[in-house]
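Numbered from 1 within each chain, the chains take letters A, B, ... in sequence-line order. These numbers come from the heavy atoms of this one structure, side chains and all, not from hydrogens, waters or symmetry mates.
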Amino acid sequence: MASNGEETRGSAPEIFLKPYNPTEAEPDIYALWEKSGYFNPDNLPKEHQDPYTIIMPPPNANGSLHVGHALFVTLQDLLIRYKRMRGFKTLWLPGADHAGFETQIVFEKKLEKEGRSRFKMQREEFYKETLAFTLENKKFMEGQLRQLGASCDWSRNTFTLDPKIISTVYGTFKKMYDDGLIVRGSRPVHWSTKYQTSLSDLETKTVERQDPLYYLKYGPFVLATVRPETKFGDTAVAVNPRDERYKEWVGKEIEFEGLIGPVKLKVIADEYVDMEFGTGVVKITPAHDPNDFAVAQRHDLPIVEVIDQFGRLNEKCGKYAGMKILEARAATARDLEEKGMLVKVDENYTHNVLVNYKSEHDILEPRVLPQWFVKIKPLADLARKAVEDGRITFVSEQYRKIYFNWLDQLRDWNISRQIVWGIPIPAWFCEYSGGLDRLHAKCSEPIVSTEPVEKCPHCGGIVSRDPDTFDTWFSSGQWPFATLGYPDSPDFKAFYPTSVMETGYDILFFWVMRMIMLGLYRTGEVPFKDVYLHGLVRDAQRQKMSKSKGNVINPLQMTETYGTDALRMALLVGNTPGMDMALSEQKIKAYKLFSNKLWNVARFVLESVNESDLDAKMSDADTALLDEAKALAEDVTKDMENYRLYIAAEKLYHFVWDRFASEILEESKNIFKDGDPIREPSTSNGAGAAAKLSRARLLYEILSLSLKLIHPFMPFVTEAIWQKLPKKDTDILMVARWPVHENK
RNA sequence: GCGCGGUUAGCUCAGUUGGUAGAGCGCUCGAUUUACAUUCGAAGGGUCGGGGGUUCGAAUCCCUCACCGCGCACCA
């Protein structure tokens, strides 16, 4: 200890004797916040008037949180904490998604491992088990969200299967049906023979495959096809109307001996046929090809189904009945060759096939089935307009264009799923719709109702409920207004439209676009004003993370090793909106050093400062330094307002480390060391003592300012330090006032 | 085929309204045992993908080409 009075300086709290240990500190800090009640906007001090709302994209409750979840938690928590400190009435509404089809796949895999199958289970039994599985995951996940520091309002936590959500979804479905926006119709859908359900256009992926292209003799023609096994479902042969080679045949019928008997097919002309491809002749199989279906509609052709729901040829296929698709393909090809009807085979033909987006091995079979479809055009028009006129803004401009481009190409949306795990569709069918329609024409109409239907309203006959469930995205597309209790809840009035939708660009079409369409349709208002889309988190070499590559970064493990703050900073710095980012453990480690730096800065400052110093008069030089810090605050505020979050994070990092710690603090050591007694300014060279007091105050002011600015980025360590400050404007840093006040 | 990005230091990326090229990590050299399970200082490293244009001035705006990536749609 120095002998000149220095021993009286400072009183660093005991905790500062140890290095900062995030793992130890974080749970207590989170408990402190949660206990304060300030996650709930209703508990915030009265001056928090203007609403600021983020609806959390509900994570799928079918697994653990991955680094993508950590990213959205970090970004949204950052925005919420910032706005909360700026005095907004902030609501961040958390939730969990039952995630229909995706969860069912996960759960079915689990059953498979146990040697069980959903097809051997009762519907209710399967539902009950899936629900238990989901709720368990949900609980686990909520703990993980807390671990990441999410300052969301748990009192408003919502599950996608909550009664209030289902009721809203039913209301929307009914309204859409009454408005003619929902139709029941037999149209081509993508059928998964593996999972026994149809999927929407979006839930598909194309993969390139190499398959033989068979050139078959069809009477006078030769035509090319990849699928000879579907020939039993042919209802025409088509050529291009401008094709001189086949002109004479158009409108006529061809007859020839097929594999299972005589075949008679009409020859039609349609622009769909590409003269350059193959021989310029196409067989039309409306039941098993969406393009052929469209042709059939134009030419009024019959639709003959020859493949069943399990991917087997049906009774119309003679001796091939019961064979699986590939089996039948080989068999028909062989038999055609034997009969001299196979002209040649192009073995190296590559084309794209549609597969299940969750499982590449699940090739989707086009089938024509009665399903519920959403007429997309009127909704797409609403959605387009809202972005065109600026009611909705994309933070990264490029997505605006992608969004428009996509809206232009939209097709009607199949929302029926033949799975158990989901919200049942509130529709009933009259059992007599088939037989007695002469008496009751209206009986053939579906009955859509938000309440259970006991009997047919037209004939009083027996009704059966549609066994299908909704596409999850149909209900999650209503999430913003459904969670806020549209239309009567005070929450809806207080917090809708929400401020920003922050989510991954990979679900722009699945989710964001549907929320815009359905939100506008149901409430007449946009569901959110800004759309902030983040990219994928990749590994240090920009590879996609995957279990098989072994390059997955587990966010929860990272928070345990380096602290949540370190993970958060690593996810923020250098992360441009809309772009993929690279993340490495090393980067996280680097920000662990930063939280340590901040801790030690605080330690030094608190050891150098007495509470009584904090009213000291500051010298001009020190005032200038404080002004510099204030200028930084202004700068960072601008960045925050413009969603330049990555820049704000970096600026704070540099200020604290390079300017505050490396320069101002180092320089202060000299000031404090000049031998002038600090506590007795009158006895000695008063100027030196005054300089010390001024400097002490300065350090404290900059520390306090820095903590406020950094808090939204690194909430835990800043709060931990704040709790040790001798003098502060609020007990809890989370609700301290942001140091820049001017009106935006 | 239609659409959208990207190309800047060894690696990963910033670069706001056009004004002398930046960060992190890594590498090299030196200092220090401290508020810092270290830290501090210094150095090196880039014809900003190629070409053309606008401008007093272009990584930035325009045109064009090349390569990489993504989305959508596809010919049986």
Side-chain angles (χ1 to χ4, degrees), chain A residues 10 12 16-21 201-202 204-206 211 213-216 223-228 230-231 234 237-238 240 272-285 288-292 295 349 351-352 354 396-411 505-506 508-509 535-536 538-542 569-570 573-576 578-587 589-608 635 638-639 642-644 646-647 649-651 653-654 657-658 661-663 665-666 668-669 699:
Chain A
F16 281 104
L17 297 178
K18 289 190 290 178
Y20 176 60
N21 182 339
D201 293 344
L202 275 184
T204 66
K205 212 168 52 171
T206 50
D211 283 309
L213 181 64
Y214 302 92
Y215 284 78
L216 310 181
L223 57 77
T225 180
V226 179
R227 305 195 62 182
T230 62
K231 72 196 309 300
D234 295 345
V237 168
N240 191 288
Y272 155 70
V273 182
D274 181 352
M275 289 188 277
E276 308 296 315
F277 187 88
T279 58
V281 185
V282 191
K283 70 191 198 66
I284 299 297
T285 322
H288 300 291
D289 184 296
N291 291 311
D292 291 6
V295 173
Y349 176 62
H351 65 144
N352 293 325
L354 277 188
S396 10
E397 275 273 315
Q398 74 257 34
Y399 288 102
R400 208 181 129 94
K401 296 179 193 165
I402 294 175
Y403 173 85
F404 286 141
N405 179 242
W406 207 81
L407 284 178
D408 291 341
Q409 310 198 7
L410 267 183
R411 291 186 296 176
Y505 67 68
D506 51 330
L508 171 61
F509 304 135
L536 252 48
R538 295 168 176 270
D539 77 3
Q541 279 75 47
R542 291 192 56 79
M569 277 299 270
V573 176
N575 186 0
T576 322
M579 303 271 288
D580 291 352
M581 71 170 306
L583 181 70
S584 61
E585 184 163 345
Q586 199 176 30
K587 189 176 178 189
K589 203 171 163 183
Y591 290 103
K592 153 80 173 148
L593 294 179
F594 181 55
S595 69
N596 192 50
K597 189 77 181 177
L598 198 56
W599 183 260
N600 280 294
V601 164
R603 183 167 155 188
F604 178 87
V605 171
L606 294 185
E607 277 173 355
S608 311
D635 207 16
K638 260 183 221 151
D639 289 332
N642 291 297
Y643 293 105
R644 293 191 294 261
Y646 54 110
I647 293 178
E650 208 176 326
K651 279 179 185 162
Y653 174 88
H654 281 291
W657 200 308
D658 298 335
S662 297
E663 291 174 8
L665 241 51
E666 289 300 323
S668 304
K669 286 179 184 172
L699 295 187

Exercise. For A:Tyr646 and B:A23, what is the distance between atoms OH and P respectively, to the nearest whole Å?
Worked result: 17 Å
Exercise. Rounding to a whole Å, what distance do you find between A:Phe604:CZ and B:U39:P?
Worked result: 17 Å
For this session: For A:Ala661, report the nucleic acid contact type (base, sugar-phosphate, nothing); a contact means any heavy atom under 4.0 Å.
Result: base
For this session: Provide the distance between the two P atoms, one in B:G15 and one in B:G52, to the nearest whole Å.
Result: 27 Å
For this session: Taking only the side-chain heavy atoms of A:Trp657 (C-beta and beyond), determine which of B:A14, B:A35, B:C40 contains the nearest atom.
Result: B:C40
Problem set entry | Whole-Å gap separating P (B:G5) and CG (A:Asn405) | 11 Å
Exercise. For the pair made of CG in A:Asp580 and C1' in B:C4, what is the distance, rounded to whole Å?
Worked result: 13 Å
For this session: From the options B:A35, B:A23, B:G41, select the nucleotide whose nearest atom is closest to the side chain of A:His654.
Result: B:A23
Seminar exercise, completed: By the Watson-Crick or G-U definition, both distances under 3.5 Å, B:G26 is matched with none
Exercise. What class does the angle between the rings of A:Tyr591 and A:Phe594 fall in, given that below 30° is parallel, 30 to 60° is tilted and above 60° is perpendicular?
Worked result: perpendicular
Exercise. Could you give the CZ-to-P distance, from A:Arg400 to B:G3, as a whole number of Å?
Worked result: 17 Å
Problem set entry | Short side-chain N/O contact from A:Trp406 to OP1 or OP2 of B:C2, under 4.0 Å | no
For this session: Quote, to the nearest angstrom, the P distance that separates B:A23 from B:G30.
Result: 23 Å
For this session: Sticking with atom P, work out how far B:G49 lies from B:A9, rounded to a whole angstrom.
Result: 8 Å
For this session: Just call it for A:Val573: base, sugar-phosphate, or nothing, with non-hydrogen atoms closer than 4.0 Å on any strand.
Result: nothing
Exercise. Taking the side chain of A:Glu650 as heavy atoms from C-beta outward, which of B:A23, B:G41, B:A35 is closest to it?
Worked result: B:A23
Problem set entry | Value rounded to 0.5 Å, distance of CE in A:Met569 from NZ in A:Lys592 | 14.5 Å
Exercise. If only atom types and distance count, is the side chain of A:Tyr399 paired as donor or acceptor with the main-chain N or O of A:Gly578 below 3.5 Å?
Worked result: yes
Exercise. Got A:Phe509 and A:Asp201 here, is their nearest side-chain heavy-atom distance under 4.5 Å?
Worked result: no
Exercise. According to a strict under-4.0 Å criterion, is A:Lys205 in side-chain N/O contact with OP1 or OP2 of B:C72?
Worked result: no
Exercise. When the distance from CZ of A:Arg538 to P of B:C70 is rounded to whole Å, what number comes out?
Worked result: 8 Å
Problem set entry | Pairing nucleotide - B:A59, Watson-Crick or G-U, each distance under 3.5 Å | none
For this session: Identify, between A:Asp639 and A:Ala590, the residue whose nearest nucleotide on RNA chain B lies closer to the 5' end.
Result: A:Asp639
Exercise. Choosing from B:A14, B:A35, B:A73, which nucleotide comes nearest the side chain of A:Ile647?
Worked result: B:A14
For this session: Quick one: look up who B:U33 pairs with, Watson-Crick or G-U, both distances under 3.5 Å, and put none if it's unpaired.
Result: none
Seminar exercise, completed: Checking N1-N3 plus N6-O4 or O6-N4 for Watson-Crick, or N1-O2 and O6-N3 for wobble, each under 3.5 Å, the partner of B:G69 is B:C4
For this session: Considering only atom C1', compute the distance from B:G44 to B:U28 and round it to an integer number of Å.
Result: 7 Å
Problem set entry | Rounded interatomic separation in angstrom, taking CZ from A:Arg644 and C1' from B:G15 | 11 Å
Exercise. Between B:U60 and B:U16, how far is it from one P atom to the other, in whole Å?
Worked result: 11 Å
Exercise. Are A:Gln409 and B:C2 close enough that a side-chain N or O sits under 4.0 Å from OP1 or OP2?
Worked result: no
Problem set entry | Atom pair distance, as rounded to whole Å: NZ in A:Lys589 and C1' in B:G24 | 15 Å
Problem set entry | Distance test, side-chain N/O of A:Lys597 to OP1/OP2 of B:C40, below 4.0 Å | yes
For this session: Any chance you could measure A:Tyr20, atom OH, to A:Leu598, atom CG, to the nearest 0.5 Å?
Result: 9.5 Å
Exercise. Nearest to the side chain of A:Met579, which nucleotide is it out of B:A35, B:A14, B:G71?
Worked result: B:A14
Problem set entry | Rounded distance (nearest 0.5 Å) linking atom CG of A:Leu407 with atom CD1 of A:Ile402 | 12.0 Å
Seminar exercise, completed: Heavy-atom nearest nucleotide on RNA chain B taken for A:Lys592 and for A:Gln541; more 5' hit belongs to A:Gln541
Problem set entry | A:Asp292 and its side chain to side chain contact (heavy atoms under 4.5 Å, CB included) partner, picked from A:Thr230, A:Asp234, A:Ile284 | A:Ile284
For this session: Could you let me know what B:C48 is paired to, Watson-Crick or G-U wobble, both distances under 3.5 Å, or none if it's on its own?
Result: none
For this session: State whether A:Tyr399 places a side-chain N or O below 4.0 Å from either non-bridging phosphate oxygen (OP1 or OP2) of B:G5.
Result: no
Exercise. NE2 of A:His351 to OG1 of A:Thr206: how many Å apart, nearest 0.5 Å?
Worked result: 11.5 Å
For this session: Considering only atom C1', compute the distance from B:C48 to B:U20 and round it to an integer number of Å.
Result: 14 Å
Problem set entry | P gap between B:C11 and B:C4, integer Å | 29 Å
Exercise. Considering only side-chain heavy atoms of A:Tyr653, which listed nucleotide, B:U12, B:C4, B:G24, is closest?
Worked result: B:G24
For this session: Could you give the distance separating B:U12 and B:G26 at their C1' atoms, to the nearest angstrom?
Result: 11 Å
